[in-house]
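Below is one structure; the comments refer to it alone.
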Amino acid sequence: GYIVESTTAPVFITLAPPQPGRRFRLAFGVNDADEPGKRGAQLYIPAGYDEGRTGTYAVGLLADESGNVPPATHTGETLCSDVVREDDHTLSYTLAADLPEATVGHVRCNVTLRDGSRDVEVTCRPVDGWEWGMPLFRGFLPDGPGSEYVAAVYGDGILIPADDLNPPVERLGSFSDLDLPAVGVTGPRGSALCMFQQYDCMSGALRAASWGLGQRLGLIINGESQRDKRLPEYRMTWYFSPGGGVTDLARRLREFCDQQGWVRTLRQKAQANPNVDRLIGAANVWGSTGESFALAAKAAGIPRLLVNGSFPPEQIARIAGLGYLCGEYDQYVDVDDATEDVNGVKPLPAHIRVHRDGGIATGWLTLDGKHQYYSRCSEMALVAAKQKVPRVLSTHPFNARFMDVHTAMGLVECYSKEHPCTTTEDRENKTELLQWMRDQGLVLGGEHGRAWSAPVLDYQEGMMSGNYFFSWPAGHLVPIE
């Protein structure tokens, strides 16, 4: 066996306050790499550690400067206290924001159930504690066997058995891990759905929790910070459906999305742009020869097509004249040194998103690993599009356009002094960009897609062709051997 003593820079231990005896999550791996650049094996501590699931980490104790570790003790703090009946519909209480390693603050919660409603409105206001994200609410555990959590995880809707204490996904971040800002649970006795009202900065987490004499997965709702500051309050809505199942939850979630302005039908979109009707039943074609392909398709009796590519102007006009859509690839996220200047300024580095630590955000990496793109801040995307798109359309009569990347990536922040951005502003910037594109008379598509992008995209490409858990080299042309 081995005895290992190691040190790490204190920046990696975000404990507040960093006092001896403070508990924290800890995991690491040891490589068996006798030959430089090669790894023969890897040992994880603790066994079963999974980087993406903090529940699999060990719990460490912070020592003092002499290396002395106080004995681990439990504070014995009451999880829920100061319960007050505010009125006939509302109870309030103080919740200890408890993580496995420590209590990190306190949250004052108001829970309201109005007469005749199946919606329980929850408002959580942090009282004290650290400024990072903290648990706000412990969700309702499913009663009885056969219960499952249901979530629209990136690219796929999945069911996770409530008795699976090692779920395939632990964190359920809104508009990052999740395409829809909600998590449901369904079982033989009915269903419940948690909808995040502050969807730009809320997440769920599936963690093992005590339930009677055993354990089952519990849903913890977390409030995330925005640019290192938590919100004054976080709100969520719990919908309950006694005896109902997934279909009832989907109906209620559609109502929620409609209330946010995210439900807009193709019929409604076609009222502003009649070319949207050309999408109905259209095959989405990439890599064709353009006009010759379109003529052959028309001769074969194919009435609707979306033909993508950069073709000569006269070919674009004739393709559109056949009743088809003709669009071009575009995006305003990934940039490199060859990206077009904007108002005389090079986007790299002026437009690049900045991380909290001051580093710049990387983007696309070519398959051979030799060429790195960088990620443009959404604050700078629209000005770039307004410079390019009108110029293109003045000579090339496209009636469609495909916007890559913007709606596939999660909501992100930028710490640049010149173009700072919160997750809310990131979503608003992207929404404005996509709506501006549609205002140019274009039928607009986007990569993957999220609930927030549904009203400003006419189609969303590849929503179910990806996978949250594994993938192929998507986006790269790989020769077939």
Side-chain angles (χ1 to χ4, degrees), residues 111-124 135-164 167-200 202-207 209 211 216-223 234-265 448-455 460 463-464 467-469:
V111 180
T112 301
L113 175 62
R114 305 196 180 279
D115 294 341
S117 176
R118 292 184 179 180
D119 286 352
V120 174
E121 305 290 344
V122 182
T123 301
C124 301
L136 305 171
F137 192 84
R138 294 171 179 260
F140 298 93
L141 285 167
D143 188 8
S147 297
E148 297 173 300
Y149 287 97
V150 55
V153 173
Y154 190 98
D156 303 275
I158 61 172
L159 294 172
I160 301 174
D163 56 3
D164 180 1
V169 56
E170 178 186 291
R171 186 181 186 276
L172 299 170
S174 182
F175 297 141
S176 54
D177 310 284
L178 298 175
D179 293 334
L180 291 159
V183 181
V185 59
T186 184
R189 298 183 59 184
S191 302
L193 178 70
C194 180
M195 294 163 281
F196 306 148
Q197 298 283 356
Q198 260 77 26
Y199 33 75
D200 298 325
M202 292 182 71
S203 65
L206 294 175
R207 301 262 176 87
W211 182 243
R216 300 171 74 82
L217 279 183
L219 175 62
I220 309 300
I221 309 301
N222 298 303
Y234 299 85
R235 292 178 289 111
M236 70 196 84
T237 299
W238 281 88
Y239 168 75
F240 292 90
S241 176
V246 173
T247 301
D248 197 29
L249 300 188
R251 178 195 59 78
R252 179 63 184 91
L253 183 53
R254 180 182 172 88
E255 291 176 357
F256 173 80
C257 290
D258 196 14
Q259 292 166 353
Q260 314 310 312
W262 296 337
V263 176
R264 195 163 178 230
T265 66
H448 185 70
R450 311 285 186 157
W452 63 262
S453 65
Q460 300 187 157
M463 280 211 72
M464 299 186 70
N467 191 289
Y468 184 81
F469 307 104

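These values consider heavy atoms only, across backbone and side chains, with no hydrogens, waters or symmetry-generated copies.
Rounding to the nearest 0.5 Å gives a distance of 11.0 Å between CG of L249 and CZ of F240. Between atom CD of residue Q198 and atom OG1 of residue T123 there is a gap of 8.5 Å, rounded to the nearest 0.5 Å. In this structure, CD1 in I158 is found 13.0 Å from OH in Y149, a value given to the nearest 0.5 Å. Rounded to the nearest 0.5 angstrom, M195 CE and S174 OG are separated by 13.0 Å. Atoms CG and OG1, from D119 and T112 in turn, are 11.5 Å apart once rounded to the nearest 0.5 Å. Within the model, atoms CZ of F196 and OG of S203 stand 6.5 Å from one another, a figure rounded to the nearest 0.5 Å.
Proximity of the aromatic rings of F256 and Y239 is defined here by a centroid distance below 6.0 angstrom, and this criterion is not met.
Other residues, nucleotides and ligands place more than 12 heavy atoms under 6.0 Å from the CZ atom of R251.
When all heavy atoms are compared, the tightest approach of V169 to L206 is O-CD1, 3.9 Å. Between R450 and Q460 the shortest heavy-atom distance is O-OE1, 3.7 Å. The nearest pair of heavy atoms linking E170 to R207 is OE2-NE, 3.3 Å. Between C257 and L180, the shortest heavy-atom contact is SG-CD2, 4.0 Å. The two residues P188 and S147 have their closest heavy-atom pair at CD-OG, 4.2 Å. Across all their heavy atoms, V150 and V185 have their closest contact at CG1-N, 4.2 Å.
The side-chain heavy atoms of Y199 and W452, taken from C-beta on, include no pair separated by under 4.5 Å. Looking at N222 and R171, their side chains never come closer than 4.5 Å, going by heavy atoms from C-beta outward. Side-chain contact between H448 and S453: absent, with no pair of heavy atoms (C-beta onward) separated by less than 4.5 Å.
Note on R216 versus D163: no salt bridge recorded, every NZ/NE/NH1/NH2 to OD/OE distance being 4.0 Å or above.
A side-chain donor-acceptor contact under 3.5 Å links S191 to the backbone of G244. A donor-acceptor pair under 3.5 Å is absent between the side-chain atoms of Y234 and the main chain of I221, judged by distance alone.
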| said: Quick one, I220 with R138, criterion side-chain contact (heavy atoms from CB on, under 4.5 Å). Give me CA distance, side-chain angles, the key distance, then yes/no. | reply: CA-CA 5 Å; I220 309 300; R138 294 171 179 260; 4.0 Å; yes

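In summary, of the residues considered (D179, V183, L178), a side chain to side chain contact (heavy atoms under 4.5 Å, CB included) with V153 occurs for L178 alone.
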